[in-house]
Amino acid sequence: MSEKRFNAVLTATGEEAISQAVVSGSPAGFALMAVGDGGGSVPEVSPASAGLVHEVYRAQLNGVTVVDSNKNIVQAELIIPPQVGGFTIREAALYDDSGACLAVASVPETYKPLLVEGAGRHQVIRIWLAVSNVASVLLTADPSVIVATAAELKKTQDTAQDYTDAVADGVTESLKTAIAEAVATASRAVWNDDNPVGTVRLFQKNINPNVKWPWSTWAYLGENKTLRLGKQDGSDVMQTGGADSVTLTQGNLPNVRLDVTGTAADVDLGTLQTTAAGRHGHAGKFTPSNTSLDSGESSRRSWASDYAVNSEALIAEAEDHQHTVVIPPHGHTVSGKTSALGSGNGFNITNSFIKLMGWYRTA
């Protein structure tokens with residue numbers, strides 16, 4: 001007889017948890033399953049194991065069921081979705097809600113591919129465990145993560161179809177109509193709960209909700225509009241505003257002054273000459289000096305100013321004349337305005353966008 005290579009056992013923690021469950025009457029719960037690659041080989045498991053050699057994936061159990069009540073065998077099932085993979089499965093373990101490892105198992109080596117590798121599948125891992133009393137194990141699963149296998153779906157579908165066919169044979173047309181109306185009324189009530197007045201719907205194609213849902217009234221949000229969230233209290237809902245382009249004015253510019261100042265370049269004008277002018281005379285004349293030193297009249301003359309202009313030929317008029325003026329190099333301070341900075345045209349401020357059809361329910 002060949003040696004048993006793959007098995008599942010309760011860990012010491014798991015045995016203690018089930019023993020306490022038997023005594024207390026509160027079942028021990030298997031909540032999570034993890035799988036690992038065993039570090040490259042299928043590991044040997046024993047009650048002394050405390051977990052996996054190398055964990056690669058962990059998730060909520062898909063279900064916990066009793067498969068043999070006579071032998072107290074329970075089954076814990078995990079389904080790994082197609083988008084998870086890229087590893088080889090060689091080991092598995094069960095955990096409770098607190099993360100304590102309750103059981104370990106060695107499993108046949110199986111590679112779980114990734115979708116990007118060209119293959120994908122739901123991988124089902126089931127661990128069968130023999131416990132002292134199945135009543136000491138909590139047989140539940142998280143309904144938010146339950147996944148049905150294809151075989152289970154087919155079985156359920158066949159059972160439902162058989163039941164439907166059997167019931168349909170005894171249902172009258174009036175009863176079918178009543179059922180259809182009741183279903184339609186219930187469906188519409190659910191729809192109304194999900195689409196109260198004020199609901200906004202966006203469509204990628206030309207869909208008129210007044211036609212699609214004729215029992216309700218819808219209004220179009222408007223064309224070429226961008227949605228903007230309003231205040232949380234709703235006080236500004238349906239307000240409009242804004243523009244796709246703007247024009248800057250002087251009031252939009254920074255509050256600064258642009259000064260234009262400078263000094264003209266130095267210019268050496270050299271020496272200039274005035275225009276000829278300035279003809280003039282002076283009042284007064286020279287008179288002989290009559291002093292005792294000269295024994296009366298002499299050739300000496302003295303100036304007397306109480307005479308008319310040029311009373312005597314000795315004082316002649318000055319003719320028109322010119323003067324030479326020297327102008328040194330110098331500069332001048334200047335000020336003014338720059339040329340116009342632009343033409344004042346508006347510019348577009350529209351963000352990148354995608355257009356959809358938008359309706360809101362009014363009644």
Side-chain angles (χ1 to χ4, degrees), residues 59-60 62 79 81-84 114-116 118 120 122 142-148 150 153 156-157 160-161 163-164 167-168 171-255 340-363:
Q60 290 279 346
N62 191 58
I79 295 182
Q83 64 270 23
V84 176
L114 279 171
L115 288 175
V116 294
H122 283 90
D142 184 351
S144 65
V145 297
I146 290 177
V147 178
L153 285 175
T156 303
Q157 182 182 20
Q161 185 64 51
Y163 175 77
T164 301
V167 173
V171 177
T172 64
E173 289 300 321
S174 59
L175 181 56
K176 289 181 180 179
T177 302
I179 292 174
E181 291 177 351
V183 170
T185 301
S187 298
R188 184 174 299 180
V190 173
W191 184 91
N192 281 321
D193 286 340
D194 289 338
N195 297 274
V197 173
T199 296
V200 174
R201 284 291 190 105
L202 299 177
F203 299 102
Q204 177 265 339
K205 58 180 65 175
N206 187 5
I207 296 176
N208 187 336
N210 294 296
V211 176
K212 185 174 180 62
W213 302 300
W215 59 84
S216 59
T217 304
W218 298 75
Y220 200 61
L221 283 172
E223 298 179 347
N224 296 318
K225 298 290 185 183
T226 300
L227 294 180
R228 185 169 181 172
L229 298 180
K231 295 181 179 179
Q232 190 172 1
D233 61 9
S235 60
D236 59 352
V237 170
M238 298 303 292
Q239 284 187 8
T240 60
D244 291 337
S245 62
V246 297
T247 301
L248 289 177
T249 63
Q250 184 176 356
N252 302 120
L253 299 176
N255 186 19
L341 299 179
S343 58
N345 294 330
F347 59 93
N348 192 284
I349 58 172
T350 307
N351 294 326
S352 298
F353 60 84
I354 182 171
K355 288 191 175 182
L356 299 173
M357 300 193 71
W359 299 80
Y360 65 97
R361 186 178 178 186
T362 59

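The model shown is predicted, which means the values in this text are computed figures rather than measured ones.
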Can you name the closest pair of heavy atoms from [X] and [Y] and give their distance?
X      : Y      : answer
Leu248 : Phe347 : CG-CE2, 3.9 Å
Tyr220 : Gly358 : CD1-O, 3.1 Å
Leu114 : Val84  : CD2-C, 3.8 Å
Lys205 : Met357 : O-SD, 3.3 Å

* Tyr360 side chain reached by Leu221 side chain, heavy atoms, under 4.5 Å ->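 Leu221 vs Tyr360: side chains touch.
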* Given side chains that start at C-beta, do those of Asn192 and Arg361 come closer than 4.5 Å, heavy atoms only? ->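 Contact flag for Asn192/Arg361 side chains = yes.
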Side-chain donor-acceptor pairs under 3.5 Å in residues 236-247, sequence neighbours left out?
residue	atom	partner	partner atom	Å
Asp236	OD1	Lys231	N	2.8
Asp236	OD2	Lys231	N	3.4

* Heavy-atom count around Ile349 CD1 within 6.0 Å, excluding the residue itself: above 12? -> yes
* In terms of heavy-atom contacts, does CD of Gln83 have more than 12 from other residues, nucleotides or ligands at under 6.0 Å? -> yes
Non-neighbouring partners of [X] that pass side-chain hydrogen bond (donor to acceptor under 3.5 Å, both in side chains), sequence neighbours left out:
X      : value
Lys355 : Asn224
Asn195 : Arg201
Ser235 : Asp233
Asn348 : Thr350

* Asked: Among pairs that include at least one residue of residues 208-219, which meet side chain to side chain donor-acceptor pair (under 3.5 Å), considering only residues two or more places apart or in two chains?
  -> Asn208-Asn210, Ser216-Trp218
